[in-house]
Amino acid sequence: MTKFSDIELAELKEGFTLFDRDADGMIEIKEIGNVMRALNHNPSLEEIAAIVQSAEDDLAKRLQESEPAEEVIEAEALEEEEDVPSKLIDFPDFVKLMADWSRPLDTQDTVLEAFRVFDKMDTGYVEAKVMRNLLSNMCEGFTDEEMDEFLRVAEVNDDGGIRYSEFVTHMFAI
């Protein structure tokens with residue numbers, strides 16, 4: 001399970017709050033995918049389905065542990081009625097869910113494959129302006145000066161290209 005820094009927790013809270021429409025500290029489980037996307041995560045539809053199912057399973061387990069079996073059956077019967085609100089998740093459970101879901105950091109091979117997508121001629125190079133655009137989209141908060149320094153390390157050739165294999169090797173050496 002991933003632990004979050006204070007800044008990451010604040011970002012999770014901000015995204016969660018966007019979907020907590022009535023400010024009761026709860027969101028509908030079916031909104032989890034939207035919250036994740038608002039937080040710049042890009043889970044696949046299959047991942048969202050698994051995450052939602054996991055959240056619903058956790059909720060059902062807690063209900064069974066806290067209520068007698070008759071009440072759980074009655075609650076399930078009520079859920080089938082259209083006027084009953086959908087299942088909800090609170091912020092602490094959302095944080096746990098996000099920690100369980102969080103993907104491991106990219107490997108060097110994964111990053112190389114990502115750059116190869118932009119190397120349409122299979123030359124081993126990506127144009128510096130394309131690299132700058134990619135980095136500015138991926139690395140929020142960098143100033144222009146920091147981006148320039150990052151690209152200086154990348155050694156732009158005379159044609160304006162960056163050998164991305166060397167760049168990635170340097171990235172992972174830091």
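Hydrogens, waters and symmetry mates play no part in the numbers below; they use all other heavy atoms, side chains included.
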Exam field: side chain [X] to backbone [Y], donor-acceptor pair closer than 3.5 Å:
X	Y	answer
Glu8	Ser5	yes
Asp6	Ala10	no
Asp159	Gly161	no
Asp119	Val126	no

same_hphob_cluster(Met98, Phe91) at 4.5 Å side-chain heavy-atom cutoff = yes
ask   = Should Val117 and Val168 be counted in the same cluster of Ile, Leu, Val, Met, Phe, Trp and Tyr side chains packed under 4.5 Å apart?
value = yes
Can you name the residues that form a salt bridge (charged side-chain N to carboxylate O under 4.0 Å, His left out) with [X], not counting sequence neighbours?
X	value
Glu11	none
Asp93	Arg62
Glu127	Lys129

Measuring from [X]:[atom1] to [Y]:[atom2], what's the distance to the nearest 0.5 Å?
X	Y	atom1	atom2	answer
Thr123	Arg163	OG1	CZ	8.0 Å
Ile27	Ile89	CD1	CD1	6.5 Å
Asn157	Tyr125	CG	OH	5.5 Å

Closest approach of [X] to [Y] (non-hydrogen atoms, all atoms of both residues):
X	Y	value
Ala128	Ile162	CA-CD1, 3.9 Å
Gly15	Leu39	CA-CD2, 3.8 Å
Gly25	Asp20	N-OD2, 2.8 Å

ask   = Please walk me through it: do Leu12 and Phe94 pass side-chain contact (heavy atoms from CB on, under 4.5 Å)?
value = CA-CA 9 Å; Leu12 289 174; Phe94 176 73; 4.1 Å; yes
Are any of the side-chain heavy atoms of [X] and [Y] separated by less than 4.5 Å?
X	Y	answer
Phe167	Phe115	yes
Glu31	Val52	no
Ile32	Leu97	yes
Val35	Leu18	no

[X]: side-chain hydrogen bond (donor to acceptor under 3.5 Å, both in side chains) partners, not counting sequence neighbours:
X	result
Gln53	Asp57
Arg116	Glu113
Ser54	none

request  = Check step by step if side-chain contact (heavy atoms from CB on, under 4.5 Å) holds for Glu46 and Ile51.
outcome  = CA-CA 9 Å; Glu46 292 81 20; Ile51 292 165; over 6 Å; no
query = Should the heavy atoms of other residues, nucleotides or ligands under 6.0 Å from CD of Glu56 be counted, would the total exceed 12?
reply = yes
